[in-house]
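Report on the following structure.
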Amino acid sequence: MQKKTVRDEDVSGKRVLVRVDFNVPMDQSGTIEDDTRIRACLPTITYLIDHQARVILCSHLGRPHGRVDEHLRLGPVGRRLSELVQRPVEVLREAVGPGVVRAVSEMQDGDLVLLENLRFYPGEEENDPVFARALASLADLFVNDAFGASHRAHASVVGLAAHLPCVAGLLMEKEIEQMSGLLEDPARPFAAVMGGAKVGEKIGILKNILPKVDLVLVGGGMAATFLKGRGVDVGISPVESDRMALIGTIMQEAETLGARVLLPEDLVVAGSLEAGANARVVSAGQIPADCMIADIGPLTIAAFTKELETCRTVAWNGPMGVFEIPQFSNGTTSIAQVLAGLNATTVIGGGSTAEAVTQLGLAGRMTHVSTGGGASLQFLSGKVLPGIAVLADRETHH
Ligand code: ADP
Ligand code: MG
C-alpha cells in the first residue's frame with residue numbers, strides 16, 4: 001500500500017489520536033447489538049498498546065446533530081472495548097476542552113482513553129478548523145482507522161490532517177488493500193454480484209468495475225429497472241425510469257468489453273413487501289401486473305451459483321432480495337452460502353449485505369467484509385475518499 005500506516009511510525013511514548021468507527025447499533029438502554037465495528041479496530045488498538053503509545057480514541061455514534069444526546073454517549077462502547085482488550089478504558093464525557101486536556105496529560109504509556117461522541121459538537125460535521133485544532137492539540141500523531149467514515153470530510157477525518165501527521169490504522173490498511181485489489185489486479189474470472197434496493201446507488205460501482213469484470217449478476221430490487229430496460233413487464237416493482245438510458249449504455253459497454261450481464265430468469269414476487277404477504281415464484285417474463293419483485297427465484301439461484309463456482313474473485317454489493325423478511329431471504333442466504341464455500345477472493349461491501357452475511361454467521365468465511373457501507377460504495381465507484389486522500393504517502397515526510 002502506498003499510504004503510511006501506524007507500523008511506519010515510532011509511537012512509543014507518543015500521544016496517538018485514533019479515529020475509529022464505533023458507530024455500533026445500540027438500543028435505548030445502551031445495549032450494543034453488534035460489536036463487529038469495535039472488534040474490527042482491535043488490531044490497531046492492541047498494536048499501539050503493545051508499542052507503548054498513549055492511545056486516545058475518538059468516534060461518532062448515531063446522528064445527534066451537534067448536540068448532546070444522552071442515548072448516544074459512548075460509555076457503553078467504552079465498557080465493551082474494555083472487556084475486549086481486557087484493560088481499563090477511561091471514558092470521557094467530552095471530546096475537547098480543559099477536562100480532556102487534563103485527562104490526556106495524566107496518561108501513561110499504554111493507557112487507553114475514549115473521547116465523547118464527536119457529533120455532540122457541531123464543528124465535527126462542519127469540519128470547523130477550531131474544533132479540529134482543539135482535537136489535534138491532544139496528540140502527536142493521528143491514526144485514521146475509520147474506513148467507514150472516510151468518505152466524509154469531517155473534522156476528525158480530514159480537518160486533523162492540517163495539524164498532525166496522519167497515517168492509516170491496520171483496519172484502514174486492510175480495507176484499502178482489499179478494495180483496491182478488486183480494482184487493480186483481481187484474479188479472474190471476476191464476478192460482481194449487484195443487488196439492493198436502488199440502481200441509482202450502485203450504478204457508479206457498475207460503471208467503474210465493468211472494465212475489470214468478466215461477469216455481472218444482477219438481483220435485488222434494482223433488477224426491476226434492468227428487466228424493464230429489456231422490455232420485460234415488472235408489475236408494480238419500483239422502476240427508476242431516469243436510469244434506464246444509462247443502463248442501456250452500460251449494457252452496450254459491457255458487450256463491447258466482453259463482460260456478461262446476467263439478469264434473474266425467475267423471481268419471487270408478492271403484492272407487497274410485508275411479512276406474510278402472499279408470495280410465489282414466476283419466470284421473469286410472467287410477473288403479474290399486481291405484483292412486485294421481492295427476491296430472486298430458485299432457477300436464478302442455481303444459474304448464479306453455477307457461474308460463481310467458476311470465479312476466482314467475487315465482489316458482492318447489495319442483497320438479492322428483501323432478506324429482512326424470511327420468505328424473501330432465500331436468494332441472499334443462498335448466494336452468501338455459495339460465496340462462503342468458494343475457493344476464491346470474496347469481498348463484501350455495502351451495509352445491508354455485510355449485515356446479512358454477519359447474521360448468517362458467514363462473515364468469517366469471506367475474504368473480507370467491509371466495515372464501511374457508504375465508504376466501500378464510493379471507493380468501488382472510483383472516487384477518492386477525503387479521509388484516505390489526507391493520509392501520508394509512503395515517500396512523504398512531515
Ligand atoms: P447495501 O447496504 O448492502 O449496499 P442497499 O442499501 O443497496 O444494500 O440495499 C439494501 C436493501 O435492499 C435491503 O433493505 C433489502 O431489503 C432491499 N431489497 C433487496 N431486494 C429488494 C427488492 N426486490 N425490493 C425492494 N427492496 C429490496
Ligand atoms: Mg445500504
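Remember, it's 1-based here, ligands and their atoms both numbered in the order they're listed.
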Under a 4.0 Å N-O cut-off, is there an ion pair linking [X] with [Y]?
{"X": "Asp140", "Y": "Arg15", "value": "yes"}
{"X": "Lys306", "Y": "Glu309", "value": "no"}
{"X": "Asp393", "Y": "Lys3", "value": "yes"}
{"X": "Arg19", "Y": "Glu124", "value": "yes"}
{"X": "Glu240", "Y": "Lys198", "value": "no"}
{"X": "Glu177", "Y": "Lys174", "value": "no"}

So which protein heavy atom does [atom] come closest to, and at what separation?
{"atom": "atom 15 (C) of ligand 1", "value": "Glu324 OE1, 3.6 Å"}
{"atom": "atom 26 (N) of ligand 1", "value": "Val322 CG2, 3.8 Å"}
{"atom": "atom 19 (C) of ligand 1", "value": "Gly321 O, 3.1 Å"}
{"atom": "atom 21 (C) of ligand 1", "value": "Gly221 N, 3.2 Å"}
{"atom": "atom 23 (N) of ligand 1", "value": "Ile293 O, 3.0 Å"}

Close-contact set for ligand 1 against [X] heavy atoms, below 4.0 Å:
{"X": "Asn317", "result": "4 (O)"}
{"X": "Gly350", "result": "1 (P), 2 (O), 3 (O), 4 (O)"}
{"X": "Gly351", "result": "1 (P), 2 (O), 3 (O)"}
{"X": "Ser352", "result": "1 (P), 2 (O), 3 (O), 8 (O), 10 (C)"}
{"X": "Leu273", "result": "24 (N), 25 (C)"}
{"X": "Gly318", "result": "3 (O), 8 (O)"}

Q) Which one holds for Met292 and ligand 1: side chain close, backbone close, both close, or neither close, with close meaning a heavy atom under 4.0 Å? A) neither
Q.
At under 4.0 Å between heavy atoms, is it the side chain or the backbone of Ser237 that contacts ligand 1, or both, or neither?
A. neither
With only distance considered, is [X] within less than 3.5 Å of ligand 1 through an N or O on each side?
{"X": "Lys202", "answer": "yes"}
{"X": "Ala197", "answer": "yes"}
{"X": "Met320", "answer": "no"}
{"X": "Gly196", "answer": "no"}
{"X": "Thr353", "answer": "yes"}

(Q) According to a hydrophobic-cluster definition based on side-chain heavy atoms being under 4.5 Å apart (Ile, Leu, Val, Met, Phe, Trp, Tyr only), do Leu138 and Leu160 belong together? (A) yes
Q.
Is it the case that the side chain of Thr5 and the backbone of Arg7 share a donor-acceptor pair, with hydrogens and angles ignored and the cut-off at 3.5 Å?
A. yes
Q: Could you tell me whether ligand 1 has any atom less than 4.0 Å away from a heavy atom of Gly373?
A: no
(Q) Does atom CG (Asp27) have a neighbourhood of more than 12 heavy atoms from anything else shown, all under 6.0 Å? (A) yes
Q: For Asn343, look at atom CG and say whether over 12 heavy atoms of other residues, nucleotides or ligands are found less than 6.0 Å away.
A: no
(Q) Once you measure the plane-to-plane angle for Phe379 and Phe147, does it fall in the parallel (<30°), tilted (30-60°) or perpendicular (>60°) bin? (A) tilted
(Q) Heavy atom to atom 8 (O) of ligand 1, shortest distance: which of Gly200, Gly220, Pro319 holds it? (A) Pro319
Q | Side-chain heavy atoms of Asp8 within contact of Val167, under 4.5 Å | A | no
